[in-house]
S.K.: 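Following this message is one structure expressed as structure tokens.
When a residue number appears, it is its place in the shown sequence, counting from 1. The basis for the numbers below is simple: all heavy atoms, side chains too, and nothing from hydrogens, waters or symmetry mates. Just so it is clear, the structure is predicted and the values come from calculations on it, not from any experiment.
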Amino acid sequence: MLPNNPGLNLPTASDANRNKDKDKLSKPRPVTSCSACRIRKVKCNRASPCSACISRKTPSECTYASTVEDREAIAAAETIAELRGIRSELQEKLAKATAGKVLDGGGEDDEEAEALEAVYAIVKGGSVDLISEVVGRIRAGEEVGGVLAGLGVR
């Protein structure tokens, strides 16, 4: 049995959890800048030699604590981030171009889309005989517009 001493501080389960949380919070981040930039506390572009060391005319001081593989992984991650940004820009441009095409009345694409929607409506709500005819004509290679014209829908 433990003595009942109010001055005695025994560790509790919550103290152990707090210590684990502190260990998680104090995990060191990997060093990515060159040692000269870290000492001077300036931005390093992580090249070898970096632009800061080149501008200070001390490229020989540009040394890294991390391995070449680590620096290559960092560079690859930066390239991936750039490519993701470019992809996002292209997706936005495509969305704008598509929206502009719809607003301008896209021409043949609109007609084909309308024909496909009409065929879908027939397949969705038509009789079994009508659906069989439409599917048979499409399987035979007939254009969607021709199928609709043959059915008298257009």
Side-chain angles (χ1 to χ4, degrees), residues 1-125 134-135 137-148 154:
M1 182 166 186
L2 294 173
N4 190 5
N5 184 350
L8 184 62
N9 292 329
L10 297 174
T12 63
S14 62
D15 291 336
N17 287 337
R18 276 191 223 118
N19 288 337
K20 286 181 184 176
D21 291 341
K22 284 183 182 178
D23 290 341
K24 288 180 184 176
L25 295 175
S26 64
K27 183 178 179 183
R29 293 189 336 202
V31 175
T32 56
S33 299
C34 73
S35 53
C37 288
R38 288 186 66 220
I39 291 168
R40 289 180 176 85
K41 296 184 180 179
V42 296
K43 179 116 174 111
C44 181
N45 70 349
R46 302 174 188 142
S48 186
C50 71
S51 59
C53 288
I54 291 172
S55 66
R56 283 192 304 273
K57 297 180 180 161
T58 57
S60 60
E61 292 180 13
C62 190
T63 58
Y64 290 88
S66 61
T67 63
V68 172
E69 292 85 17
D70 290 343
R71 286 199 316 271
E72 288 174 355
I74 292 167
E78 290 173 350
T79 303
I80 290 169
E82 285 179 32
L83 290 173
R84 285 181 176 155
I86 292 169
R87 182 193 69 193
S88 296
E89 289 175 15
L90 291 173
Q91 285 176 332
E92 289 175 13
K93 287 180 182 179
L94 180 62
K96 287 179 183 177
T98 304
K101 194 177 213 183
V102 170
L103 293 176
D104 293 342
E108 285 183 21
D109 291 337
D110 283 346
E111 290 174 12
E112 186 175 342
E114 288 174 10
L116 288 172
E117 287 179 20
V119 168
Y120 174 74
I122 291 170
V123 171
K124 184 178 176 186
V134 169
V135 171
R137 287 178 151 193
I138 291 173
R139 284 185 179 162
E142 194 172 337
E143 294 287 328
V144 176
V147 171
L148 294 175
R154 279 193 141 182

S.K.: Name all residues meeting the salt bridge (charged side-chain N to carboxylate O under 4.0 Å, His left out) criterion together with Arg38; count only those two or more places apart in sequence or in a different chain, and write none if there are none.
M.R.: none
S.K.: Between SG of Cys34 and CG of Asn45, what distance do you get to the nearest 0.5 Å?
M.R.: 8.5 Å
S.K.: Output all residues satisfying side chain to side chain donor-acceptor pair (under 3.5 Å) with Thr58, sequence neighbours left out; order by chain, then residue number.
M.R.: none
S.K.: Using 0.5 Å steps for rounding, measure from the NZ atom of Lys96 to the CG atom of Leu94.
M.R.: 12.0 Å
S.K.: Taking side chain to side chain contact (heavy atoms under 4.5 Å, CB included) as the test, write out the residues that go with Glu142, two or more places apart.
M.R.: Arg137, Val147
S.K.: Evaluate Arg56 against Glu61 for salt bridge (Lys or Arg N to Asp or Glu O under 4.0 Å), listing each step before the verdict.
M.R.: CA-CA 10 Å; Arg56 283 192 304 273; Glu61 292 180 13; 5.6 Å; no
S.K.: Taking salt bridge (charged side-chain N to carboxylate O under 4.0 Å, His left out) as the test, write out the residues that go with Glu143, two or more places apart.
M.R.: none
S.K.: Of all heavy-atom pairs between Pro49 and Ile54, which one has the smallest distance, and what is that distance?
M.R.: O-CD1, 3.6 Å
S.K.: If you look only at pairs with a residue in residues 81-91, which of them pass as a side-chain hydrogen bond (donor to acceptor under 3.5 Å, both in side chains), with sequence neighbours excluded?
M.R.: none
